[in-house]
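Some notes on the structure that comes next.
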Amino acid sequence: MKECGYSEINTCGTSPMESPHMKKKATVRRKWEVFPGRNRFYCDGRVMMARQTGVFYLTMILILVTSGLFFAFDCPYLAVKITPAIPVIGGVLVFFVMGTLLRTSFSDPGVLPRATPDEAADLERQIDVANGSTSGGYRPPPRTKEVVINGQTVKLKYCFTCKIFRPPRASHCSLCDNCVERFDHHCPWVGNCVGKRNYRFFYMFILSLSFLTVFIFAFVITHVILRSQQSGFLNALKDSPASVLEAVVCFFSVWSIVGLSGFHTYLISSNQTTNEDIKGSWSSKRGKENYNPYSYGNIFKNCCAALCGPVNPSLIDRRGFVQADTAQAVSPSNGLTMYGSTQSQSNMGQIHETPVLLENY
């Protein structure tokens with residue numbers, strides 16, 4: 001007969017269905033690791049960006065290379081011939097441009113949290129009661145709610161991805177797959193959405209970049225002109241070939257940058273977003289009674305509302321810990337990790353939906 005070996009069972013440890021490794025992993029997992037949107041996180045969730053960041057790195061290279069050539073080849077000559085304040089002012093502008101760019105790119109633009117499965121199930125029960133039917137194959141039509149803001153009726157659209165009724169001025173970004181509060185647009189040049197929490201930094205970035213581009217372009221031309229008076233135009237270009245490259249880059253970029261700054265200055269003065277302006281949400285063509293309910297009726301007040309005041313806190317708590325009893329991670333077929341909600345099933349007739357109660361709207 002074969003001898004039977006017995007191993008000691010630890011009754012004070014984990015359950016038969018749970019290993020110590022799985023239990024430890026579940027307790028230390030943060031919410032950004034199972035975030036449902038198409039975003040990249042760095043520095044343990046402190047940095048949040050879109051997945052498409054190639055154009056963002058191109059933006060940084062253009063700014064740093066052009067500025068570096070200016071400081072290396074133009075500033076020494078201009079500091080002697082004109083004033084030492086030129087490299088100082090240029091350095092301050094570059095520092096401000098890079099600071100606002102990184103602040104815009106690395107922050108949460110105002111992502112709205114998705115509904116939990118419990119909230120989705122609760123809405124399904126409400127739909128069954130309202131329709132007087134419990135058939136699981138019936139899909140209700142897209143829903144909207146109406147709220148009155150300063151005398152203007154505004155529709156709240158339902159997001160079938162996030163399972164929420166979007167608050168006013170919010171929209172779902174198809175690239176990041178998130179609903180963003182006061183959504184302006186998705187900007188590939190900064191590698192992030194532009195919304196309620198980072199719009200002011202985006203505006204300061206493009207405005208300061210406009211000043212920097214005009215500043216470099218003007219003093220590069222000045223540098224070439226001063227050298228031309230001493231040794232001729234062709235010799236001046238040979239003595240400082242980097243100035244030619246800087247002038248070309250600034251000449252072709254200054255028009256779009258200054259134009260973009262002017263466009264967003266108009267949006268801020270009228271308290272609109274790019275999304276609203278493109279759609280013509282408050283255009284008079286839709287009717288004489290159609291007006292912008294968010295405008296304060298004063299340019300100064302609109303600018304203060306957009307650029308001043310505290311930055312709203314993030315709503316997604318991306319560095320918080322996942323609670324095993326309240327949140328469930330699901331791995332969908334497209335390779336994206338889901339947290340706190342379920343995606344639409346392959347059968348279009350089975351969709352879990354829920355509204356989220358919105359305060360102050």
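Shown here is F95, whose CZ atom has no more than 12 heavy atoms of other residues, nucleotides or ligands within 6.0 Å. In this structure, F233 places its CZ atom where only 12 or fewer heavy-atom neighbours from other residues, nucleotides or ligands lie under 6.0 Å away. Heavy atoms of other residues, nucleotides or ligands lying less than 6.0 angstrom from CH2 of W189 number 12 at most. Environment of CD1 in I299: sparse, with no more than 12 heavy atoms of neighbouring residues, nucleotides or ligands closer than 6.0 Å. Around the CZ atom of F41, the shell of radius 6.0 Å holds more than 12 heavy atoms that belong to other residues, nucleotides or ligands.
Taking the six-membered ring where the residue is Trp, the centroids of F70 and H223 are separated by 6.0 Å or more. Ring centroid separation for the pair F219 and F215 comes in under the 6.0 Å cut-off. Note: F205 and Y203 fail the aromatic proximity criterion, with ring centroids not under 6.0 Å apart.
Looking at R169 and E276, a side-chain N of the basic residue comes within less than 4.0 Å of a carboxylate O on the acidic one, giving a salt bridge.
V92 places none of its side-chain heavy atoms less than 4.5 Å from the side chain of V94. In this structure, the side chains of R319 and K31 stay at 4.5 Å or more apart for every pair of heavy atoms. In this structure, N192 and P109 have side chains that are in contact, with non-hydrogen atoms separated by less than 4.5 Å. Side-chain contact between I216 and S67 is present, with heavy atoms from C-beta onward closer than 4.5 Å. Side-chain contact check for K238 versus R227: every heavy-atom pair is 4.5 Å or farther apart. Between P117 and E119, the closest side-chain pair of non-hydrogen atoms is not below 4.5 Å. Proximity of L226 to I82: side-chain heavy atoms (C-beta onward) are separated by under 4.5 Å at one or more points. Using a 4.5 Å cut-off on side-chain heavy atoms (C-beta onward), W282 and Q152 make contact.
In this structure, R200 contributes its side chain and G309 its backbone to a donor-acceptor pair below 3.5 Å. N198 places a side-chain N or O within donor-acceptor distance of the main-chain N or O of G195, the cut-off being under 3.5 Å. Under a 3.5 Å cut-off, the side chain of N275 and the backbone N or O of F183 do not form any donor-acceptor pair. Without hydrogens or angle criteria, N39 side chain to M49 main chain gives a donor-acceptor distance under 3.5 Å.
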Steps toward side-chain contact (heavy atoms from CB on, under 4.5 Å) verdict (V154, E146): CA-CA 6 Å; V154 178; E146 291 186 350; over 6 Å; no
side-chain contact (heavy atoms from CB on, under 4.5 Å) evaluation trace for Q272 with Y266: CA-CA 8 Å; Q272 292 188 79; Y266 154 73; 3.3 Å; yes
Full working for side-chain contact (heavy atoms from CB on, under 4.5 Å) between N312 and K196: CA-CA 8 Å; N312 295 311; K196 185 176 183 178; 2.6 Å; yes
Derivation and outcome, side-chain contact (heavy atoms from CB on, under 4.5 Å), residues H264 and I206: CA-CA 9 Å; H264 279 277; I206 59 176; 3.8 Å; yes
Step-by-step ring-ring contact (aromatic ring centres under 6.0 Å, His included) determination, F160 to Y158: CA-CA 6 Å; F160 286 93; Y158 182 82; 5.0 Å; yes
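Under the rule for a salt bridge (charged side-chain N to carboxylate O under 4.0 Å, His left out), the partners of R30 that lie at least two apart in sequence or sit in another chain are D44.
Paired with T213 under the rule side chain to side chain contact (heavy atoms under 4.5 Å, CB included), one option of I63, I257, V249, V97 passes, and it is I257.
Applying the side-chain hydrogen bond (donor to acceptor under 3.5 Å, both in side chains) test to pairs two or more places apart or on separate chains, those with a residue in residues 295-311 are S295-N302.
Hydrophobic clustering of Ile, Leu, Val, Met, Phe, Trp and Tyr side chains at less than 4.5 Å, counting indirect connections, keeps F211 apart from F252.
To the nearest 0.5 angstrom, L69 atom CG is 9.0 Å from S243 atom OG. From N178, atom CG reaches atom OG of S171 across 11.5 Å, with rounding to the nearest 0.5 Å. To the nearest 0.5 Å, atoms NE2 (H185) and CG (D277) are separated by 12.5 Å. Atom OG of S228 and atom CG of L234 lie 8.5 Å apart (nearest 0.5 Å). Here the CZ atom belonging to R182 is positioned 14.0 Å from the CZ atom belonging to R197, to the nearest 0.5 angstrom. Taking OG1 of T273 as the reference point, atom OH of Y199 lies at 8.5 Å (rounded to 0.5 Å).
H172 approaches C159 most closely through the heavy-atom pair ND1-SG, 3.4 Å. Scanning all heavy atoms of the two residues, the minimum distance from V88 to P84 falls at CG2-O, 3.6 Å.
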